[in-house]
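Taking it in order: structure first as structure tokens, then the write-up.
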Amino acid sequence: MSALSDRPTLEFQGISGGYGGSEIIHDISIRVGAGEIVTLIGPNGAGKSSVMNATFGQLQINGGRILLKGEEITGIAPEQAVRRGISYVPQVSNVFPNLTVQENLEIGAWIRRDDFRPRMEEMFALFPPLSERRRIPAGALSGGQRQMAAMAKALMVDPEILLLDEPTAGLSPRFRGEIFAVVRKVNARGIPILMVEQNARQALGIADRGYVLVDGHCRMEGSGKDLLANPEVGAMFLGRRADEETSPAPNPGSEAPAVDGSTTQSMRP
Amino acid sequence: MDSLYGIFLYAIYLLTMGGIYAVLVMGLNIQWGFTGLFNAGIAGFFAVGAYTSAIISTASSGRHLGGLSLPLWASLPGAMIASALIAWAVAWICIRLRSDYLAIATLGIAEILRLVLKNEDWATNGARGISRIPKPFEDLPEPWNQIAMLLLVLAILLVLYLLLERARRAPWGRVMTAIRENEAAARAAGKNVEGFRIEAFVLGGALMGLGGALMAHHVKFIDPNMAEPLSTTFIVWVMLIIGGSGNNKGALFGAFLVWTLWSTSEIVTTRLPAEWELKSAYLRFFLVGLALQIILQRYPAGILKEHRPIGK
Amino acid sequence: MNELIGFVNFHLIPGIVLGSIYALGAIGLTLTFGILRFANFAHGETMTLGAFVALVVIDLTNWHVLATLPFAMLLTVLTVLVMDRLFFRPLRTGPTVILLIASFGLMLMMRSAIQIIWGVDLETLSKGLAIPWVLFESLRIFPKHLLIVGAALLLMLGVHGLLRHTPIGKAMRAMSDSPELARMTGIDTERVVMATWITGAVLAAAAGVLLAYDTHLDSRMGFRVLLPIFAAALLGGLGRPYGAMAGGLVIGVAEELSTYSWIGDGPLVSPGYKSGVAFAIMIALLIWRPSGLFRGRVF
Ligand SMILES: Nc1ncnc2c1ncn2[C@@H]1O[C@H](COP(=O)(O)OP(=O)(O)O)[C@@H](O)[C@H]1O
Ligand SMILES: [Mg+2]
């Protein structure tokens, strides 16, 4: 591969920021390489959504840089971010509830200059449940279908990268599986994905790499497999089943690959 | 000598009217400045106060409700209670909704009150209004009656100012500020946000009623056009915003400043030819609106900024 | 039978006419509320402006009232766009209640300007006596009532087409749903805001002209209908254009029916309180169902 494509699609270099007064995330360095699925896990309130918001100018950034394919986009306005090729599916209110599914997709294609109809049919093929419901207001969809609509809307442009904030929150296991399958399908088209997830096990299962966020600090990073096997991660996020995966009880802190706040920019194995 | 005396009397008139407006502005300051509650119907609360005190204090006339001939110590509190009751009803309905609803409802209540005052002849003498409202100290000789009235208004203003300054620094005022700055946090701290808001709205309404009562006693005559929303409501808003909302000194300052400008500009416009005199009256209103816009954009904090009671 | 004809002639038909005028006004109000997030107190004065422009055109040309509509709309749109640029846009990033105060100030400025230019006297758009068509020997229909309702219906159809079938209309609905998501989708919000003002001003100008055509015009007409159109927008659910159409019709009909002798011989509500009907409906709504019949925004 050429040196150019080694450049990560999205890169955070020591980003700190917050809303108004208090700082929420501290010195966050993450990157999403070409074609990767990267997941961000961590307890509620850790600042995962805030990390996503930082790319869309929704967070006040106090330090660090954000690069998209090597170009700095720190503090860019939301309407510019999407024009640069970042598509974002926020955690809540990610569809227009009073617009039909089809209208949501049309609006999703707002910045396209060309004919978006082929793309729309592609999306309906990718999400068959939406195809039958194109004339229904998005607000009337079930939770799972709503997430699909939100993803389809975000994919109406040809994004350089897709950001998903907890796409499976509140879904039944069946729908969860469906969403994860779609995430892989989208990724198989070559679109890199940065995904925040509560269902750490499944997310790490499909992710190339993952980061663990605690209290606004990046505590660990590694490949999806490594993090899944990591006893501390197991204890923190994978619930009681942690001891099923690793027999010795984890010694908190000692095995963390990164010390509080500072992360090691380890190369991908 | 004569003209000097005239100027002296005019100054007393300016200060008395400015003082009455200052009472209204302090009422709005409690609602908007301290608590962030919009009120587009100041004229309505003002009119209720004016009519209530007129009905309580006038002698029997047969043309309207009343004939109680009660003195000031009954008519002023009566006016405050009547306005407070209406404020309470409006607040109770609208306080949990977003500010636009309160704005629309207060505009509506002022309009309805105007209709009632105009249509309920038996109580209000309809469009002809109520005259011969007793004025305090009117039996004193010429300048002294005016001076005494001014002193009464200023004394009331001073008491109000001291009370409000105390309330602002007291826990009550601090909770108000907290609610306005961060409602969610105040709620999380277990404060009854709705309760506090209703209290503020009612208190502000009572002061507007008091202002109305003072005006009725001062000019001795009232009619339903007093509730004309443009003149009263706007001027009070402009006074508060220019003076600096959230600041009681600012409220006082804004009231006297705007009233002086408003009233003295009338001296100029009445000298114009008749055709222009009428137009210039509208021009003055236009300029008041324009002043409001300029202040909103350029000096959003007003001339005297708010001083927070707690370090924050 | 006579009773029924009287009811239809003097209450129902005027109610429908007034209701379709209110509907036009309420749509503009509800659109600006949905997209700019504030109750625009200057909307009534915008209607007044439209009516006076029509008066000027009629004085100059002696055209039919409906032919003046394009001019009234054009001038009103231009005025509203200038007002947005001068008074609303600088405040757009702050709290929306400041926009509310600004619109309150603008209401005063517009009315004063209209009074300076055109005075305060009562004027009419169509001179001469109107002769009704008589159907079934007793049902009286004024041609101008048909024209007013027809024009209002056409405009409402236009709004429907705009919101459902044009990209900018869909973007307006999207922004009304969620301004944040609209920005994240790349919608240039200033363009949507502009489209909203234009739509609102076109409808307000039409409402003003039609109201003046139905009755008369004076500098206070906009303020008089402000409360009914607020009530109509509330009834339909703030931010909901279709709700506003229904709400306008309900308020207009309710106002006219309120003076019918439902109980006994006299009118149910004395004519002096006719404008209180809208307020009463509004208060009932705020108490029992503040989101309106069609679920608008409360917070
Ligand atoms: N818009 C906001 N304004 C102020 N604080 C916020 C905002 N959004 C989130 N926060 C705060 O930031 C912290 C992190 O939130 P968030 O990034 O949503 O965490 P997560 O997505 O990991 O659950 C929380 O304490 C939350 O209260
Ligand atoms: Mg989150």
Side-chain angles (χ1 to χ4, degrees), chain B residues 32 36-38 40 89-90 92-94 96-105 107-116 118-121 126 228-231 233-235 237-238 241 245 275-276 278-298 300, chain C residues 33 37-41 83 86-88 90-91 94-117 119-120 219-220 223-224 226-227 230-231 233-234 238 270-276 278-280 282-287 290-291 297-299:
Chain B
W32 170 250
L37 299 171
F38 193 88
V90 175
W92 179 77
I93 292 170
C94 297
R96 50 211 159 91
L97 308 170
R98 56 175 284 161
S99 50
D100 306 71
Y101 287 73
L102 188 62
I104 299 169
L107 179 83
I109 199 87
E111 192 55 20
I112 293 311
L113 288 171
R114 201 176 62 85
L115 283 184
V116 172
K118 205 162 113 185
N119 287 310
E120 299 305 314
D121 265 16
E228 157 75 60
L230 283 181
S231 31
T233 304
F234 268 113
I235 291 201
W237 263 102
V238 170
I241 302 251
S245 53
E275 166 200 2
W276 282 99
L278 202 63
K279 299 225 164 187
S280 63
Y282 304 126
L283 185 64
R284 281 161 77 221
F285 273 115
F286 183 87
L287 293 177
V288 169
L290 188 64
L292 183 72
Q293 308 288 358
I294 292 170
I295 294 281
L296 282 181
Q297 287 184 26
R298 295 291 158 83
Chain C
F33 186 89
R37 313 269 152 165
F38 74 98
N40 179 16
F41 274 74
M83 288 192 321
L86 292 180
F87 303 119
F88 292 124
L91 302 170
T96 54
V97 66
I98 303 297
L99 289 168
L100 183 75
I101 300 179
S103 81
F104 197 54
L106 208 53
M107 165 166 101
L108 177 70
M109 288 172 71
M110 283 188 80
R111 189 207 284 192
S112 315
I114 287 170
Q115 288 170 333
I116 292 171
I117 301 172
V120 291
S219 60
R220 296 177 50 95
F223 184 73
R224 272 197 305 273
L226 188 62
L227 210 54
F230 265 137
L234 279 176
L238 277 182
S270 105
Y273 283 113
K274 207 160 114 179
S275 55
F279 182 72
M282 194 168 95
I283 289 297
L285 212 59
L286 290 178
I287 294 176
S291 58
R297 269 170 229 295
V298 185
F299 291 100

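Chain letters run A, B, ... following the sequence lines, proteins first, then strands; residues in each count from 1.
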- Atom CG in Leu238(C), atom OH in Tyr101(B): separation rounded to 0.5 Å? 4.0 Å

- For residues Phe230(C) and Asp100(B), determine if any side-chain heavy atom of one lies less than 4.5 Å from a side-chain heavy atom of the other. no

- Query: Got a sec, which residues hit side chain to side chain contact (heavy atoms under 4.5 Å, CB included) with Pro95(C), two or more places apart in sequence or on another chain?
  - Reply: Val97(C), Ile98(C)

- Separation of Ile116(C) CD1 from Trp276(B) CH2 (nearest 0.5 Å): 9.0 Å

- Query: Which of the residues Gly36(B), Ala103(B), Ser99(B), Cys94(B) is involved in the greatest number of heavy-atom pairs with chain C at under 4.5 angstrom?
  - Reply: Ala103(B)

- Between Leu278(B), Ile109(B), Ile294(B), the one whose heavy-atom pairs under 4.5 Å with chain C are most numerous: Ile109(B)

- Between Lys279(B), Gln297(B), Lys118(B), the one whose heavy-atom pairs under 4.5 Å with chain C are most numerous: Gln297(B)

- Query: Roughly how far, to the nearest 0.5 Å, is CG of Leu100(C) from CZ of Phe38(B)?
  - Reply: 4.5 Å

- Query: Of the non-hydrogen atoms in Phe104(C) and Phe234(B), which two are nearest, and what is the gap between them?
  - Reply: O-CZ, 2.8 Å

- Item | With Phe279(C), the side-chain contact (heavy atoms from CB on, under 4.5 Å) member among Ile112(B), Ile104(B), Leu115(B), Leu107(B) | Ile112(B)

- Item | Proximity breakdown for Leu286(C) and chain B, heavy-atom pairs closer than 4.5 Å | both

Return all side-chain donor-acceptor pairs below 3.5 angstrom for residues 282-293 of chain B, not counting sequence neighbours, or 'none' if the list is empty.
from      : atom 1 : to        : atom 2 : distance (Å)
Arg284(B) : NE     : Ser265(B) : OG     : 2.9
Arg284(B) : NH2    : Trp262(B) : O      : 2.7
Gln293(B) : NE2    : Ala102(C) : O      : 2.9

- Message: Does any backbone or side-chain atom of Val238(B) lie under 4.5 Å from a heavy atom of chain C? Answer side chain, backbone, both or neither.
- Response: neither

- Query: Can you say whether Ile241(B) sits under 4.5 Å from chain C via the side chain, the backbone, both, or neither, judging by heavy atoms?
  - Reply: side chain

- Task: Please look at Leu106(C) and chain B and tell me whether the side chain, the backbone, both or neither of the residue comes under 4.5 angstrom of a heavy atom of that chain.
- Result: both

- Nearest 0.5 Å, what's the CG-CD1 distance between Leu296(B) and Ile101(C)? 6.0 Å

